[in-house]
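Working notes, structure below.
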Amino acid sequence: MTKTAGRRPPAHAAVPPPPAPPPAGDLGRRRLTDQARAYGFLLGGLLCFALFSWYPAIRAVVIAFQTYTPGSPPQWAGTANFTRVLHDPEFTAAWRNTLAFTLLALLIGFAIPFVLALVLNELRHARAFFRVVVYLPVMIPPVVSALLWKWFYDPGTGLANEALRFAHLPTSNWSNGTDTALLSLVIVATWANMGGTVLIYLAALQSIPGELYEAAELDGANLLQRVRHVTIPQTRFVILMLMLLQIIATMQVFTEPFVITGGGPEDATVTVLYLIYKYAFLYNDFGGACALSVLLLLLLGAFSALYLRLTRSEGDA
């Protein structure tokens with residue numbers, strides 16, 4: 001009995017023809033169906049974005065030029081809302097506090113995440129554990145985090161002053177002092193938000209080719225020189241974008257003043273966003289609140305455009 005399993009077919013055996021392609025009409029209908037399904041998913045996201053982002057923003061711009069109070073029809077007021085808020089004594093204090101908060105956040109909260117990312121990038125053991133530890137504050141709800149720090153800053157029994165007493169150091173009023181309240185809020189915001197920034201920096205650092213560091217070491221560069229001539233140039237784009245995002249975020253600080261200090265003491269922590277809240281929900285002046293919002297929008301938009309123009313020009317040079 002001859003074995004036929006595994007035997008090659010004769011050379012003259014007929015090769016089955018390839019399957020016929022589907023008609024052009026079926027391909028067109030299938031492509032149209034796929035595109036319609038994709039645009040359908042996209043349309044749902046666009047509708048949600050328009051309903052909860054674009055419409056409130058456009059509506060706020062309209063209300064900024066109206067006298068709008070609950071229970072009465074809005075009336076056109078022109079620029080009266082802008083004139084009123086510009087002459088409000090709290091307006092100057094809010095902008096001064098907001099700019100000071102932004103500057104302090106840049107001095108403190110911009111360098112610390114970068115240094116932590118450098119340290120984590122050099123670790124050889126327990127790197128995942130420390131990444132979780134650094135990111136943990138971001139996972140805590142902002143209001144809960146602010147309440148924890150409010151207890152921490154309590155001048156009587158707060159943990160901060162207890163630690164100072166244990167070390168035989170003078171205590172502080174922290175968030176209750178006019179000269180220390182704003183700095184205390186900067187510390188809270190830095191602690192609560194630096195986790196995401198650290199991970200972004202860490203991802204940028206790990207994308208740098210190791211050959212660059214090896215070449216720098218062969219040239220005799222120490223750690224600081226490697227950071228200056230290799231790390232910073234290679235992560236320059238990430239640094240510039242995170243700086244812009246941090247400035248925009250700190251200019252809109254609200255949770256920490258609202259929960260911890262209530263704008264006090266003596267308006268030392270009243271920020272622009274907190275003043276907008278006061279106009280809308282304490283004074284029932286929605287026109288003034290929207291006018292302040294438009295001013296903040298114009299400032300941040302102009303600053304972002306100028307910042308991107310300058311950084312792009314510098315990069316092209």
Side-chain angles (χ1 to χ4, degrees), residues 49 53 98-140 142 145 185-219 221-256 273 296-297 299-317:
F49 195 75
S53 294
T98 302
L99 294 176
F101 185 95
T102 302
L103 179 60
L104 289 173
L106 282 177
L107 294 176
I108 298 175
F110 190 74
I112 292 178
F114 188 73
V115 174
L116 284 177
L118 289 175
V119 173
L120 289 177
N121 192 48
E122 295 297 325
L123 291 178
R124 293 296 177 265
H125 304 286
R127 180 186 295 180
F129 169 76
F130 285 107
R131 278 187 296 188
V132 172
V133 170
V134 170
Y135 192 74
L136 189 60
V138 182
M139 302 170 64
I140 302 176
S145 175
L185 298 187
V186 170
I187 295 173
V188 176
T190 301
W191 176 85
N193 301 305
M194 69 178 180
T197 306
V198 170
L199 293 186
I200 294 175
Y201 278 138
L202 187 59
L205 292 175
Q206 292 178 350
S207 66
I208 300 176
E211 293 81 2
L212 298 178
Y213 289 109
E214 294 175 1
E217 290 179 359
L218 292 176
D219 291 337
N222 56 30
L223 177 61
L224 292 179
Q225 289 173 335
R226 292 197 300 270
V227 170
R228 177 184 177 184
H229 297 290
V230 178
T231 304
I232 293 179
Q234 291 295 318
T235 58
R236 176 179 172 274
F237 176 77
V238 176
I239 292 174
L240 292 176
M241 291 307 301
L242 287 180
M243 181 181 291
L244 174 62
L245 294 176
Q246 180 173 341
I247 292 174
I248 293 175
T250 51
M251 288 288 291
Q252 302 178 74
V253 59
F254 172 75
T255 304
E256 290 81 8
L273 226 62
L296 182 61
L297 171 66
L299 177 67
L300 292 179
F303 169 77
S304 300
L306 178 63
Y307 181 87
L308 293 175
R309 178 66 180 270
L310 292 176
T311 52
R312 184 174 65 244
S313 301
E314 182 182 351
D316 295 340

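Looking at heavy atoms from C-beta onward, Leu310 lies in side-chain contact with Leu306 at the 4.5 angstrom threshold. Looking at Gln225 and Asp219, their side chains never come closer than 4.5 Å, going by heavy atoms from C-beta outward. Taking 4.5 Å as the limit, some side-chain heavy atom of Val227 sits within range of a side-chain heavy atom of Ile232. Within the 4.5 Å cutoff, the side chain of Tyr201 has heavy atoms near those of the Val238 side chain. Counting heavy atoms from C-beta outward, Gln206 and Leu202 have side chains that approach closer than 4.5 Å. The shortest side-chain heavy-atom distance between Leu300 and Gln252 falls under the 4.5 Å cut-off.
Going from atom CG of Leu185 over to atom OG1 of Thr255 covers 11.0 Å, rounded to the nearest 0.5 Å. The distance from the CG atom of Leu223 to the OH atom of Tyr213 is 9.5 Å, given to the nearest 0.5 Å. The distance from atom OG1 of Thr190 to atom CD of Gln246, rounded to the nearest 0.5 Å, is 7.0 Å. Remark: Leu273 CG to Leu296 CG distance equals 6.5 Å, nearest 0.5 Å.
In this structure Phe303 satisfies the ring-ring contact (aromatic ring centres under 6.0 Å, His included) test together with Tyr307, sequence neighbours excluded. Not counting sequence neighbours, Phe237 has no partner by the ring-ring contact (aromatic ring centres under 6.0 Å, His included) test.
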Could you give the side-chain donor-acceptor pairs of residues 98-123 under 3.5 Å, partners two or more places apart or in another chain?
unit_1 : atom_1 : unit_2 : atom_2 : d
Thr98  : OG1    : Ala94  : O      : 2.7
Thr98  : OG1    : Val272 : N      : 3.0
Thr102 : OG1    : Thr98  : O      : 2.9

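Between the side chain of Ser304 and the backbone N or O of Gly301, no donor-acceptor pair lies under 3.5 Å.
The neighbour count for Arg127 CZ, taken as heavy atoms of other residues, nucleotides or ligands under 6.0 Å away, is above 12.
When each of Glu217, Arg226, Gln234 is tested with Leu212 by the rule side-chain contact (heavy atoms from CB on, under 4.5 Å), just one qualifies, namely Gln234.
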